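Source: prediction; values computed, not measured.
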Amino acid sequence: MSSWLIPFFAGIVLVMAAGQPAAAQRFLLVTGFESGNVVRFDLRTGSSDVVVSMTPGVDPNTADLPRGVAIDDDRNIYVALRGTTQNIRRFSWDGQDLGSFTQSIGGYGPGQIGFDAAGDLIVAGDVSGDDSIYRYDGGTGELIDTFRIAGCDNNVGLLVSGDSAFAVSYFTGLVAKYELSAAPVTGEIVVDGGEIASRSVGLATGHNGNLFLAAGGASAILEFDSTDGHFVGRFIELDEAPRDVVYEPELGFYFVTTGSNSTSAVVFDQAGSMVREFTDPSIVGAYSIALVEIPPSSSLEPWPPEEAALEVAPNPISTVGRFQIRGALPSTDIVLFDCSGREVGRIDPAAASHWVATLAPGIYFARQTGATGYGTRLSIVR
């Protein structure tokens, strides 16, 4: 057996088990700003397809320039289009155009969007004045209310988390947090990013609870403390201006889009190191990201059952040591890989025990060579 080290298997036992539930499918949606489309990637296989096609171009008067993207509980896809007369369009999961969902808001149009805990659609408005954040009924598209904090205009970036919404002012780098369950909605400025955070679009709550901004002016993903808003540092250095950053806590990875000519979304680990790139030439100007999980029981895209799943204990894993494989041993190696599909090593099941060491915290998977699906999910925590 090779000497590579696998920390997340520290002190665990693997047991072959039949009939374990299949893993859910995960998809990555990316809007193409200049290409007027939305591309869907399968996170396991890396395969992609153009799920939404609109009118490409650069003039919002004659073209569809998609910025924000969101998914509702019925897997409908919502796309926010830049432009004074543009609005939010709705599409089915297979790309059928279901028509306009909201009215136009003027200014430069809507930015990023997201659904709150009540199922309402929250929209960042790239406008100046009292109407900077919009809330629409998630079923009908009727406007419920608007709100903002003074000085927080031209909001393009938006993060909706439960009953809270964070919006970033594109030109000033101010980040406001709004409590959506309050009546009326209340808000406060939680980050004053200043010049370094100018031209920020996407924002995320990261692995340590801090806020991360996709700062175009800095060509970097910037980190700000979530308790007092102070600048922590440049988390990821980029060659081009980033447009979006999304952190997926279950997977333990950051997804980032960059640059007006970008054709991809790039995946980074919690140390800020690149681990994978999802690329499709159909995308021109990758802008916003949405991550979607479809349960294996869904009728939309049935997931093939596991051929030989692995039972893991304990899980999550927090220690470092040796582990064993017990029970009916497979005849082929057990493959270990991260959620982006990158293989990180193999285990010889015939060995009596295996030594493990340190790897970044996050979500990983193990499966028998030749098996289908994700495999068995393993969580490593510190």
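- Remark: the backbone N or O of G209 is not paired with any side-chain donor or acceptor of T205 at under 3.5 angstrom.
- Here T263 contributes atom OG1 and E34 contributes atom CD; the two are 12.0 Å apart, rounded to the nearest 0.5 Å.
- For D269 (side chain) and S273 (main-chain N/O), a donor-acceptor pair under 3.5 Å exists by modelled atom type.
- Proximity of I221 to P242: side-chain heavy atoms (C-beta onward) are separated by under 4.5 Å at one or more points.
- Put simply, the side chain of I113 reaches to within 4.5 Å of the side chain of Y78, judged on heavy atoms.
- No side-chain N or O of Y108 forms a donor-acceptor pair with one of N154 less than 3.5 Å apart.
- When side chains are defined from C-beta on, L28 counts as touching I289, because their heavy atoms get closer than 4.5 Å.
- There is no path of hydrophobic side-chain contacts, each under 4.5 Å, that joins V284 to V58.
- Side-chain contact annotation: S104 with N87, donor-acceptor N/O pair under 3.5 Å absent.
- More than 12 heavy atoms of other residues, nucleotides or ligands sit less than 6.0 Å from atom CG of D59.
- Without hydrogens or angle criteria, S262 side chain to T258 main chain gives a donor-acceptor distance under 3.5 Å.
- The two residues P56 and A63 have their closest heavy-atom pair at O-CB, 3.5 Å.
- In terms of modelled atom types and a separation under 3.5 Å, the side chain of D228 and the main chain of H230 share a donor-acceptor contact.
- In this structure, CD in Q25 is found 8.0 Å from CZ in R44, a value given to the nearest 0.5 Å.
- Hydrophobic clustering (ILVMFWY, side-chain heavy atoms < 4.5 Å, transitive): V292 and V69 are in one cluster.
- Contact check on E188 versus K177 returns no salt bridge, with no Lys/Arg side-chain nitrogen under 4.0 Å from an Asp/Glu carboxylate oxygen.
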Full working for side-chain contact (heavy atoms from CB on, under 4.5 Å) between D120 and F115 | CA-CA 5 Å; D120 294 324; F115 286 94; over 6 Å; no
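- Other residues sharing a hydrophobic cluster with L211 under the 4.5 Å side-chain heavy-atom criterion for ILVMFWY residues are L159, F166, V168, V175, V190, V191, I196, L203, L213, L222, F224, F231.
- Side-chain atoms of L43 and F27, non-hydrogen and from C-beta on, never get closer than 4.5 Å to each other.
- Between Q86 and P110, the shortest heavy-atom contact is O-CD, 4.1 Å.
- For the pair W93 and I294, the minimum side-chain heavy-atom distance is below 4.5 Å.
- Two rings, from Y178 and F147, have their centers less than 6.0 Å apart.
- In this structure, the side chain of S100 does not engage the main chain of T102 through any donor-acceptor pair within 3.5 Å.
- Residues L29 and F91 fall within the same hydrophobic cluster, defined by Ile, Leu, Val, Met, Phe, Trp and Tyr side chains chained together at heavy-atom separations under 4.5 Å.
- Side-chain contact of S48 with D280: a donor-acceptor pair under 3.5 Å is present, judged by distance alone.
- Within the 3.5 Å criterion, the main-chain N or O of A218 finds a donor-acceptor partner in the side chain of R234.
- For the pairing with V39, the side chain to side chain contact (heavy atoms under 4.5 Å, CB included) check across T31, T279, D49, V50 returns one residue only, V50.
- Counted by atom type alone, D244 and Q112 present one or more donor-acceptor pairs between their side chains at under 3.5 Å.
- Counting only distance, with no hydrogens or angles, the side chain of R243 and the backbone of G285 share a donor-acceptor pair below 3.5 Å.
- Under the 4.5 Å side-chain heavy-atom criterion for ILVMFWY residues, a single connected hydrophobic cluster contains both L174 and V160.
- The shortest side-chain heavy-atom distance between F253 and Q270 does not fall under the 4.5 Å cut-off.
- Put simply, the side chain of R89 does not reach to within 4.5 Å of the side chain of F101, judged on heavy atoms.
- Donor-acceptor pairing under 3.5 Å is recorded for the side chains of E179 and S164.
- Taking the ring centroids of Y247 and F212, they lie at or beyond the 6.0 Å cut-off.
- Here the closest heavy-atom approach between residue G32 and residue I283 is recorded as CA-CG2, 3.9 Å.
- Shown here for T257 and S264, the closest heavy-atom pair between the two residues is CG2-O, 4.0 Å.
- Side-chain atoms of D192 never come within 3.5 Å of backbone atoms of I189 as a donor-acceptor pair (strictly under, hydrogens ignored).
- One N or O on the side chain of R135 and one on the backbone of L180 form a donor-acceptor pair closer than 3.5 Å.
- Salt bridge annotation for D126-R67: present, with a cationic side-chain nitrogen under 4.0 angstrom from a carboxylate oxygen.
- Remark: Q103 pairs with no residue by the side-chain contact (heavy atoms from CB on, under 4.5 Å) rule, at least two apart or across chains.
- The aromatic ring centres of F235 and F268 sit 6.0 Å or more apart.
- Checking side-chain atoms of T55 against main-chain N and O of D64 turns up no donor-acceptor pair under 3.5 Å.
- Between S282 and N37, the shortest heavy-atom distance links the atoms O-ND2, 2.9 Å.
- Close placement of the Y287 and F33 rings is indicated, their centers lying within 6.0 Å of each other.
- Closest approach of A167 to N155, counting heavy atoms only: CB-OD1, 3.6 Å.
- For the atom pair CD1 (I122) and CD1 (I133), the distance works out to 8.5 Å, reported to the nearest 0.5 Å.
- F41 and V267 fall within the same hydrophobic cluster, where Ile, Leu, Val, Met, Phe, Trp and Tyr residues are linked whenever their side-chain heavy atoms come under 4.5 Å apart, directly or through other members.
- Between M54 and V52, some side-chain heavy-atom pair lies under the 4.5 Å cut-off.
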Given side-chain contact (heavy atoms from CB on, under 4.5 Å), test F255 with L291 step by step and report yes or no.
-> CA-CA 9 Å; F255 295 77; L291 290 164; 3.8 Å; yes
Evaluate side-chain contact (heavy atoms from CB on, under 4.5 Å) for V38 paired with V30, printing each intermediate quantity in order.
-> CA-CA 6 Å; V38 178; V30 180; over 6 Å; no
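- The distance from atom OG1 of T172 to atom CG of D153, rounded to the nearest 0.5 Å, is 8.0 Å.
- A 6.0 Å sphere centred on CG of D239 holds no more than 12 heavy atoms belonging to other residues, nucleotides or ligands.
- Heavy atoms from other residues, nucleotides or ligands lying under 6.0 Å from CD of E277 number more than 12.
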